[in-house]
Amino acid sequence: KYCSFMPYPVIFIDGDNEEQINDTNPLWQKNPKDVSDEEYNEFYKKLTGDYEDALMVIHINADYPLNFKGILYIPKIKNDFETLEPKVNLYYNQVFVSDNIKEVLPEFLINVRGVLDCPELPLNVSRSYLQTNTYVDRVAKHISKKVADRYNYIFTNEREKLEKVYENLSLFVEYGCLRDDKFYDRIKDNIMLKKTDNTFVTVSEYLEGKEEGTVYYTADKLSHSYYVTAYNAKGISVIEANRIVDTQFIQFIERKNDKIK
């Protein structure tokens with residue numbers, strides 16, 4: 001439990017057989033450029049027991065003054081009844097400390113999985129310490145920035161890959177924007193909305209070539225199918241906002257942009 005990733009080898013001896021049973025160079029200690037997608041996926045499944053790949057991987061390697069490393073995974077939500085609690089293991093120089101450290105994470109990462117290695121935190125870290133320490137607050141803000149940077153990178157360089165998982169990922173994106181203005185400011189130009197034809201567009205792409213700044217959306221495309229068809233026939237796309245968070249996010253965008261209705 002505590003020494004699976006200790007930087008010194010742990011040897012199990014059984015008669016004449018010797019076997020190293022810990023990983024002295026875990027994935028989060030490596031340079032992100034040296035880690036393949038397959039290695040990230042394998043580590044995620046080993047860590048969580050999940051059989052599916054995560055939606056997004058964020059590899060953090062923060063230098064002075066924060067000095068912490070880690071790998072965070074945003075998983076697919078399997079059903080509406082799943083407990084949306086973060087499950088991130090905290091390590092101190094590769095020695096396990098705790099598996100319940102949501103204070104170190106941005107609030108919107110409601111279902112994140114992974115590991116954080118924070119040698120700046122004491123080994124006997126307490127709940128009250130986490131809630132009042134300024135270092136912890138700065139770590140959470142840095143993680144929020146890294147999530148935004150990773151999202152923007154995938155949008156710019158691997159958009160097709162992003163669109164394949166976006167229906168699941170959008171919950172985190174929209175909730176993150178609602179709860180963290182700085183997160184919204186960092187990704188606002190790359191946020192996508194789902195159209196009723198199951199394709200995705202940004203707000204600027206939706207409004208491109210239109211004189212008015214009006215975005216049409218429906219909370220129920222089946223009951224509104226007549227109107228959706230009528231607008232589509234006029235060449236006007238309609239956005240889907242099926243979930244409660246979708247409609248709240250639509251209203252949020254309207255408040256943030258006085259030229260968009």
Side-chain angles (χ1 to χ4, degrees), residues 55-56 58 72 74-77 80 84 105-112 140-261:
L55 302 175
M56 195 163 85
I58 303 98
L72 299 178
I74 297 180
K76 181 179 179 181
I77 296 174
D80 293 337
L84 299 181
L105 301 167
E107 181 189 358
F108 67 86
L109 290 181
I110 51 179
N111 198 34
V112 70
K141 288 178 179 176
H142 185 79
I143 290 172
S144 176
K145 180 182 180 300
K146 292 297 291 185
V147 173
D149 290 346
R150 180 62 181 159
Y151 175 87
N152 287 333
Y153 176 86
I154 299 174
F155 177 89
T156 303
N157 298 283
E158 303 172 347
R159 179 163 172 175
E160 187 177 337
K161 174 183 174 182
L162 182 64
E163 289 185 1
K164 288 179 180 177
V165 299
Y166 194 73
E167 193 162 1
N168 288 289
L169 190 63
S170 62
L171 173 65
F172 298 95
V173 172
E174 293 175 10
Y175 185 60
C177 291
L178 291 170
R179 302 302 298 177
D180 186 340
D181 277 344
K182 287 186 177 179
F183 180 74
Y184 168 73
D185 288 337
R186 289 187 176 108
I187 70 167
K188 60 185 178 182
D189 295 332
N190 298 333
I191 297 169
M192 295 191 292
L193 301 172
K194 183 184 176 183
K195 298 197 294 184
T196 52
D197 65 358
N198 296 322
T199 60
F200 297 90
V201 291
T202 64
V203 172
S204 59
E205 289 168 349
Y206 182 94
L207 296 174
E208 190 174 353
K210 295 182 176 65
E211 292 182 8
E212 58 173 344
T214 302
V215 177
Y216 294 89
Y217 73 95
T218 173
D220 187 345
K221 73 175 182 180
L222 292 178
S223 63
H224 294 161
S225 59
Y226 172 81
Y227 301 101
V228 171
T229 303
Y231 276 100
N232 287 343
K234 294 179 181 179
I236 299 173
S237 299
V238 180
I239 299 299
E240 268 191 60
N242 298 330
R243 303 168 301 197
I244 294 174
V245 69
D246 294 335
T247 52
Q248 290 179 336
F249 184 66
I250 290 282
Q251 294 161 10
F252 171 80
I253 291 178
E254 196 173 34
R255 290 197 304 271
K256 287 287 188 180
N257 301 272
D258 56 6
K259 296 181 181 179
I260 296 175
K261 180 180 177 182

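Scope of the values below: all heavy atoms of this structure, side chains included, with no hydrogens, waters or symmetry mates. We count residues from 1, following the sequence as given. From a predicted model like this one, the values you see are computed outputs, not experimental measurements.
Asn257 contributes no side-chain N or O that, together with a main-chain N or O of Lys259, makes up a donor-acceptor pair within less than 3.5 Å. In this structure, Asn152 contributes its side chain and Arg186 its backbone to a donor-acceptor pair below 3.5 Å. For the pair Glu205 (side chain) and Thr202 (backbone), a donor-acceptor distance under 3.5 Å is present. Within the 3.5 Å criterion, the main-chain N or O of Tyr153 finds no donor-acceptor partner in the side chain of Thr156.
Here Glu167 pairs with Lys194 in a salt bridge; the nearest charged N to carboxylate O distance falls below 4.0 Å. Between Lys256 and Asp181, at least one side-chain nitrogen of the basic residue sits less than 4.0 Å from a carboxylate oxygen of the acidic one, meeting the salt-bridge criterion.
The side-chain heavy atoms of Met56 and Ile154, taken from C-beta on, include a pair separated by under 4.5 Å. Contact of the Glu240 side chain with the Lys195 side chain is not registered, since no non-hydrogen atoms from C-beta on lie closer than 4.5 Å. In this structure the side chain of Arg159 never reaches within 4.5 angstrom of the side chain of Asn190, judged on heavy atoms. Residues Cys177 and Ile187 are in side-chain contact: their nearest non-hydrogen atoms beyond the backbone lie under 4.5 Å apart. Between Leu193 and Phe249 there is a side-chain heavy-atom pair separated by less than 4.5 Å. Within the 4.5 Å cutoff, no side-chain heavy atoms of Lys76 are placed close to those of Leu169. Val215 places a side-chain heavy atom less than 4.5 Å from the side chain of Leu207.
The distance from atom CG of Leu222 to atom OG1 of Thr196, rounded to the nearest 0.5 Å, is 11.0 Å. The CG atom of Leu109 sits 7.5 Å away from atom OG of Ser144, with the distance rounded to the nearest 0.5 Å. Note that the NZ atom of Lys145 and the NZ atom of Lys182 stand 11.5 Å from one another [nearest 0.5 Å]. Atom CG in Asn242 sits 7.5 Å away from atom NZ in Lys221 (nearest 0.5 Å). Rounding to the nearest 0.5 Å gives a distance of 11.0 Å between CG of Leu55 and NZ of Lys161. Rounding to the nearest 0.5 angstrom, the gap separating the CG atom in Asp197 from the CG atom in Asn232 is 7.0 Å.
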Take Leu105 and Val112 through the test side-chain contact (heavy atoms from CB on, under 4.5 Å) and record every step on the way to the result. CA-CA 9 Å; Leu105 301 167; Val112 70; 3.7 Å; yes

Let's go through Met192 and Leu162 carefully: what are the C-alpha distance in whole Å and the side-chain angles of both, what is the deciding distance for side-chain contact (heavy atoms from CB on, under 4.5 Å) to 0.1 Å, and is it a yes or a no? CA-CA 10 Å; Met192 295 191 292; Leu162 182 64; 3.7 Å; yes

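Across Ile143, Asp149, Ile74, a single residue satisfies side-chain contact (heavy atoms from CB on, under 4.5 Å) together with Ile58, and that is Ile74.
The cationic group of Lys210 lies under 6.0 Å from the six-membered ring centre of Tyr206 and within 45° of the ring axis, placing it in a cation-pi geometry.
Pairs passing the ring pair (Phe, Tyr, Trp, His ring centres under 6.0 Å) check and including a residue from residues 157-199, sequence neighbours excluded, read Phe108-Phe183, Tyr166-Phe200, Tyr184-Phe252.
In this structure, His224 and Tyr227 have perpendicular ring planes: the angle between them is above 60°, well past the 30° mark.
Heavy atoms from other residues, nucleotides or ligands lying under 6.0 Å from NZ of Lys164 number 12 at most.
A side-chain donor-acceptor contact under 3.5 Å links Arg243 and Ser170.
Contact between Thr247 and Ala241 at its shortest, heavy atoms only, is CG2-O, 3.7 Å.
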